[in-house]
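Encoded as structure tokens, the structure appears first; notes follow it.
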Protein chains: 2
Amino acid sequence: MQNDCKNCPFNSKAASMLSDCSFDQLSENHLVLKFKKGDSIIKQGMYSTNVVFLRTGLAKIHLAGPYHEQIVKLVKAPTYLGLPTTFGDKINQYSVTAVSEVEVCFIDVEVFQTILNENHAFSHEIVLELCRNELESFHRCANRTQKLLRGNMADALLEFSDKIFMSDTFTLPLSQVELANLVDTSRESVSRILTEFDKDGIIQLKGKEIQITNKKSLQLVSQNG
Amino acid sequence: MQNDCKNCPFNSKAASMLSDCSFDQLSENHLVLKFKKGDSIIKQGMYSTNVVFLRTGLAKIHLAGPYHEQIVKLVKAPTYLGLPTTFGDKINQYSVTAVSEVEVCFIDVEVFQTILNENHAFSHEIVLELCRNELESFHRCANRTQKLLRGNMADALLEFSDKIFMSDTFTLPLSQVELANLVDTSRESVSRILTEFDKDGIIQLKGKEIQITNKKSLQLVSQNG
DNA sequence: ATTATTTTGTGATATGCATCACATTGTATA
DNA sequence: TATACAATGTGATGCATATCACAAAATAAT
């Protein structure tokens, strides 16, 4: 647990907007922590008075569904986490767990809110991010419920490739159980679909290593369900 | 199309927070319109530079899914609509359609943003609402995908009863097709489940009139899927 | 290294729900 | 009031995918 994060902007854009005053204030009032894969960063149901800024790494946002854990989405640094908690009743409404090595800043709500009030550009940034999240949520939900399994798996793979790793080759950041909870299926179906994609020549599987060999096809699968 | 909305607070809470100055500014810069059931208030894909404040009535938020229109949720006045649009590229990312008679204020983004900057309490309100929406979205999505049809229909009915109409007796605000698009099923299944609930003595159906005769059961159905 | 434990692959079977098809009722229009 | 059109009720059938039941790998623990 260090407290030496003078050079830890919340994100490059936001930092450049902070007045010297508020930036100092911020730097003096948060901690930087490292987590390793699998560590819990935010725990649903726990009391908390911190906003979390994910500096580096990957994390999953997940919550208890009626029958099993639901992974809402994979998030990549830089991003804020736990805003709903801190503005609400200070009880975490979802969990966040590290999916890779991760660096995180915990910022006290009070401080965060002060800066939000002091700095229009910053608060505008935040409102913007929240709006984007809402939209993304709408579309994600519509897609997941309307598409068939193949379509949803294709979407997940495309997101990994295009949004998370920026590469056609990557190692799956989630286990099959997790993938199932992300894509709303059973673990068995994940396995089957993945080998199916492999046989179809769309991807090439070597353990958890994936290479998308035919992105066009994958995009087609995404559209046809 | 009137412009005489001096007495149109965006909502009672927000209005009380506005300084006289910003409130005047606001009143002079928005319109009040009435819509009737079925009228489109916001059209996905259209250019717009207004934030919409729903003063009275009910509306549905919906968007084009990959295979059919998806109703995201039913919203009740007072609430803001179209925030993501105005903060983004000014293209509506979802549609909003009146489900009852509705009164609406269109507020120019510029004005809205000015007030957002001037008034901390107000912007705090907005951030709070956006956070709530995000959470609601997460839970809604987890529920919809994990529960079976009976559970989802039960949820919809309970929401109408508890959140929208505040009564055990109400007339369904949506057609069966719409209900199907809200609850992620086919129209036929909506019909079947509804009559099933009736036969089970959980509700009593007379056309579009519904009375929830056994709320306990309905809550149980909601939990058991 | 060896054993224990978790993760993954794959068949067989069961089931919830979509889809198709059409009758029926309700509601707008001429 | 008659006619067209939209919304609803209900059966029969098919299909996508969950579930069950193991085997096989891979990973972790001893």
Side-chain angles (χ1 to χ4, degrees), chain A residues 36-39 65-71 97 99 143-157 171-200 203-210 221-222 224-225, chain B residues 36-39 60 65-71 99 143-157 171-200 203-210 221-222 224-225:
Chain A
K36 43 187 199 310
K37 187 183 165 112
D39 285 350
Y67 299 106
H68 57 80
E69 200 71 7
Q70 173 85 31
I71 300 183
T97 302
V99 161
N143 274 297
R144 284 220 195 123
T145 52
Q146 287 185 31
K147 285 185 185 175
L148 302 184
L149 231 174
R150 284 172 65 91
N152 283 324
M153 270 302 300
D155 282 343
L157 296 183
T171 74
L172 282 173
L174 301 174
S175 73
Q176 289 191 356
V177 180
E178 290 175 305
L179 277 173
N181 292 341
L182 175 70
V183 152
D184 302 312
T185 356
S186 64
R187 191 226 95 222
E188 293 92 325
S189 293
V190 169
S191 177
R192 275 186 257 267
I193 301 280
L194 245 31
T195 57
E196 210 174 291
F197 282 173
D198 187 306
K199 275 172 193 153
D200 295 350
I203 64 172
Q204 209 170 326
L205 265 173
K206 269 178 258 152
K208 309 209 64 141
E209 300 280 326
I210 279 201
V221 172
S222 154
N224 294 331
Chain B
K36 41 188 199 314
K37 186 181 167 118
D39 285 351
K60 61 171 180 178
Y67 299 107
H68 57 81
E69 200 71 7
Q70 174 84 30
I71 299 183
V99 161
N143 275 297
R144 284 221 193 123
T145 51
Q146 288 185 30
K147 286 185 184 173
L148 302 184
L149 230 174
R150 283 173 65 90
N152 283 324
M153 270 301 302
D155 282 344
L157 296 184
T171 74
L172 282 172
L174 301 174
S175 73
Q176 290 191 354
V177 180
E178 288 175 306
L179 277 172
N181 292 341
L182 174 70
V183 153
D184 302 310
T185 359
S186 64
R187 192 227 93 221
E188 292 91 326
S189 292
V190 170
S191 176
R192 274 188 256 269
I193 301 279
L194 245 30
T195 58
E196 212 173 291
F197 283 174
D198 187 305
K199 277 174 191 150
D200 294 351
I203 65 172
Q204 210 172 324
L205 264 173
K206 268 179 260 153
K208 309 209 67 139
E209 300 279 326
I210 278 200
V221 172
S222 153
N224 294 328

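Computed over heavy atoms, backbone and side chain alike; hydrogens, waters and symmetry mates excluded. Every chain is numbered from 1, with letters handed out A, B, ... down the list of sequences.
As a whole-Å value, the separation of A/L194 CG from C/dT10 C1' is 14 Å. Rounded to whole Å, the distance from NZ on A/K199 to C1' on C/dG9 is 9 Å. Atom-to-atom, CG of A/L148 to C1' of D/dG14 comes out at 14 Å; the value is rounded to the nearest Å. Between the CD atom of B/E188 and the C1' atom of D/dA12 there is a distance of 13 Å, given to the nearest Å. Straight-line distance from the CD atom of A/E196 to the C1' atom of D/dT17: 12 Å, rounded to whole Å. Across the protein-nucleic acid pair, A/M153 atom CE and D/dT17 atom C1' stand 15 Å apart, rounded to whole Å. In this structure, the NE2 atom of A/H68 is 11 Å from the C1' atom of D/dA18, given to the nearest Å. Rounded to whole Å, the distance from CZ on B/R187 to P on C/dA18 is 12 Å.
Looking at heavy-atom distances under 4.0 Å, A/S191 makes contact with a base. As judged by a 4.0 angstrom heavy-atom cut-off over every strand, A/S175 is placed among residues touching the sugar-phosphate backbone only. Among the protein residues, B/D198 comes within range of no part of the nucleic acid, since none of its heavy atoms lies under 4.0 Å from any strand.
Contact annotation: A/S189 side-chain N/O to D/dT17 OP1/OP2 distance is not under 4.0 Å. Regarding contacts with the backbone of C/dT6, every side-chain N or O of A/Q176 stays at 4.0 angstrom or more from both OP1 and OP2.
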Candidate pair B/R150 and B/D200, rule salt bridge (Lys or Arg N to Asp or Glu O under 4.0 Å), full reasoning: CA-CA 12 Å; B/R150 283 173 65 90; B/D200 294 351; 3.3 Å; yes
Where do B/K206 and B/D198 land on the salt bridge (Lys or Arg N to Asp or Glu O under 4.0 Å) test, with the steps shown first? CA-CA 10 Å; B/K206 268 179 260 153; B/D198 187 305; over 6 Å; no
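Side-chain atoms of A/K147 and A/S222, non-hydrogen and from C-beta on, do get closer than 4.5 Å to each other.
With the nearest nucleotide of DNA chain C identified for both A/R192 and A/K208, A/K208 has the one nearer the 5' end.
With respect to B/R144 and A/D184, no salt bridge is recorded, no charged nitrogen being found less than 4.0 Å from a carboxylate O.
The minimum heavy-atom distance linking B/V190 with B/Q176 is given by the pair CG2-O, 3.9 Å.
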